[in-house]
Amino acid sequence: EESGRGEEARTARRSALELDGRCYEAQVRLARSCADAGASTEAERLFKKAIALRPDYPRALEELAYFYHLHGRLDEAQALYGRISRMTPGDPQAFFNLGAMHLLKGENALARRMFEKSYAIEPGSASRSNLALIYYYDGDYRRALPLHEAAARESSEHYEWGNLGDTRRQIPGLQDQAAAAYRRAVELAEKALSARPDNPAEVLSSLALYYAHLGVKQKALAAIARARRLAPAFLPGIQRAILAYEAVGERSLALAALREYLERLGSIEEIKREPDLAALRRDPAYREIVGNRP
C-alpha cells in the first residue's frame, strides 16, 4: 500500500510543477521520489533542474550528490560534496560527506582528514560517530569503540546503537555487550516505526540487521521483506538485505539481493568495504555476479 501512496505523491508533485515550473521544493521532492522508485534518469534530470533554479542553495546539490553516491558515481558525488563544503564551510556534515567519498575510494588519509575536520567543527555525538567510521572501516575497532560508545550514550537514534553493536561484535569477548547494544537499537527502531517515520523502509531495513545479529532469524526476514515491499528500489534497503541475509545464513538470498543491487546500479564499493561480507566475497558466485567490476 505504501508504493501506491508514493505514486499519488509523485502525481501531486508533478501537478505542482505544472502550475509552477520554478517551484524548487517540488522539483527536489519529486526527484527524490523518482530516485526511490528506481526512475534514475528522471531523478537525475529533476535534481539538475532544481540546481539550475537555485545554484547557490545546497539542498538539491546534497540530494544529487547522495544519488551519485548510492549509484557508485563517486567522482561526481565527491565533486558536488566538495562544492557544498566550499558553500557551507561551517557545516560539519559537508566535510563528513566529502570524507565518506574519500573512504569509499580507498583514500583513507584524506577521509580521516575530512572526518577530523567535521569533528573539530562540531564535536558532538554525530561527529564522533562519523569519525569512528574511518577507524571501523580501517579495521581499528578498538579505536572506534569509545567514540561509538560516547555517541550512543548521547543519542536516542537507533543507528547509533546499531553502530555500537557492530563495533563490539568485531572485538573478541564483547559479543554479550554487542547484543545489549542491538537490543537497544531494536527498541529505538520499533519506537521510530510506531511514530510513522517519513521513510519506514529505512528503519525496517536497519531493524532487520539488528534482529539478524541477535539471531532472531524470522523477525529479520520479516522486517527485510516488508522493507523491500514498501520500497523495492531503495538502494540502502537492498544493501541491508544483502547483509541481513548473509548474517542469518541465507547465502543464496544474499547473492540474489546482490545481483539486484548491482542491476539497479548500486555502488560496488559499498559491498567491498563491508567486513561482514568477507565470506560472501570469497564465494565463486560473487565473482560471477560482480563480473569485471574493479
Side-chain angles (χ1 to χ4, degrees), residues 2-3 6 31-44 47 63-78 97 100-101 103-106 133 136-137 159 162-163 166 189 199-213 217 220-294:
E2 183 70 24
S3 59
R32 180 194 286 180
S33 184
C34 288
D36 289 345
S40 299
T41 301
E42 178 69 358
E44 184 175 5
F47 280 134
E63 294 276 3
L64 181 57
Y66 184 59
F67 171 86
Y68 286 149
H69 168 189
L70 291 180
H71 288 83
R73 296 165 63 176
L74 302 184
D75 288 340
E76 291 166 280
Q78 184 175 335
N97 291 334
M101 295 305 97
L103 180 63
L104 287 172
K105 293 171 69 176
L133 287 176
Y136 181 88
Y137 287 115
Y159 57 81
N163 288 340
D166 290 343
N199 187 353
E202 174 84 43
V203 182
L204 280 164
S205 56
S206 296
L207 182 61
L209 273 178
Y210 309 148
Y211 278 134
H213 291 311
K217 181 174 181 177
L221 293 176
I224 205 64
R226 187 178 168 203
R228 297 301 323 281
R229 188 167 59 250
L230 289 173
F234 180 54
L235 282 172
I238 304 175
Q239 182 190 353
R240 291 174 194 138
I242 300 167
L243 287 160
Y245 290 140
E246 180 70 5
V248 299
E250 294 288 350
R251 173 66 58 79
S252 62
L253 291 177
L255 290 167
L258 172 63
R259 186 182 301 276
E260 181 182 357
Y261 178 75
L262 294 177
E263 286 173 351
R264 292 185 181 273
L265 305 180
S267 171
I268 189 62
E269 297 299 332
E270 299 280 358
I271 304 303
K272 287 164 57 178
R273 73 174 187 168
E274 282 290 348
D276 289 336
L277 295 180
L280 181 141
R281 291 191 294 269
R282 292 192 293 271
D283 191 312
Y286 171 85
R287 179 47 56 191
E288 292 178 14
I289 293 169
V290 171
N292 295 323
R293 291 177 178 86

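Side chains are part of it too, since the values below use all heavy atoms of this structure and drop only hydrogens, waters and symmetry mates.
- Residues Ala254 and Leu280 come closest through the heavy atom pair CB-CD1, 3.7 Å.
- Remark: Tyr136 pairs with Tyr141 by the ring pair (Phe, Tyr, Trp, His ring centres under 6.0 Å) rule, at least two apart or across chains.
- Arg259 meets the side-chain contact (heavy atoms from CB on, under 4.5 Å) test with Glu263, Ile289; sequence neighbours excluded.
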(message) side-chain contact (heavy atoms from CB on, under 4.5 Å) for Ser252 and Tyr245? Distances and angles first, verdict last.
(response) CA-CA 8 Å; Ser252 62; Tyr245 290 140; over 6 Å; no
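- Every residue two or more places apart in sequence or in another chain that forms a side-chain contact (heavy atoms from CB on, under 4.5 Å) with Ala39 is listed here: Cys34, Glu42.
- Considering only residues two or more places apart in sequence or on other chains, Glu202 meets the salt bridge (Lys or Arg N to Asp or Glu O under 4.0 Å) condition with Arg240.
- Within the model, atoms CZ of Arg251 and CG of Leu253 stand 11.5 Å from one another, a figure rounded to the nearest 0.5 Å.
- Looking at every heavy atom in both residues, Ala257 comes nearest to Ala241 through CB-CB, 4.4 Å.
- Considering all non-hydrogen atoms of both residues, Arg32 and Phe47 come closest at N-CZ, 3.7 Å.
- For the pair Ser267 and Leu70, the minimum side-chain heavy-atom distance is 4.5 Å or more.
- Note that CG of Leu265 is 8.5 Å distant from CZ of Phe67, once rounded to the nearest 0.5 Å.
- Minimum interatomic distance between Ala43 and Ala31 (heavy atoms only, all atoms of both residues): CB-O, 3.4 Å.
- Checked against side-chain contact (heavy atoms from CB on, under 4.5 Å), Ala189 has the following partners two or more places apart in sequence or in another chain: His158, Val203, Leu207, Tyr210.
- In this structure, CG in Leu243 is found 10.5 Å from CG in Leu258, a value given to the nearest 0.5 Å.
- Residues Ile238 and Pro232 share a closest heavy-atom pair of CD1-O, 3.7 Å.
- Applying the side chain to side chain donor-acceptor pair (under 3.5 Å) rule to Glu260 yields the partners Arg228, Arg264; only residues at least two apart in sequence or on another chain are considered.
- With sequence neighbours excluded, no residue forms a side-chain contact (heavy atoms from CB on, under 4.5 Å) with Ala256.
- By the side chain to side chain donor-acceptor pair (under 3.5 Å) test, Tyr211 pairs with Glu190, sequence neighbours left out.
- Interatomic distance, Ile242 CD1 to Leu255 CG, rounded to the nearest 0.5 Å: 9.0 Å.
- Here Glu44 pairs with Lys48, Tyr68, Arg73 under the side chain to side chain donor-acceptor pair (under 3.5 Å) rule; sequence neighbours left out.
- The distance from the CG atom of Asp166 to the CG atom of Asp276 is 6.5 Å, given to the nearest 0.5 Å.
- Interatomic distance, Asp283 CG to Leu277 CG, rounded to the nearest 0.5 Å: 11.5 Å.
- For the pair Tyr261 and Ile271, the minimum side-chain heavy-atom distance is below 4.5 Å.
- Residues meeting the ring pair (Phe, Tyr, Trp, His ring centres under 6.0 Å) test with Tyr66, sequence neighbours left out: His69.
- Looking at residues two or more places apart in sequence or on another chain, you find a side chain to side chain donor-acceptor pair (under 3.5 Å) between Arg273 and Glu270.
- A salt bridge is absent between Arg281 and Glu274; no separation between the charged side-chain nitrogens and carboxylate oxygens falls under 4.0 Å.
- When all heavy atoms are compared, the tightest approach of Ala201 to Ala231 is CB-CB, 3.7 Å.
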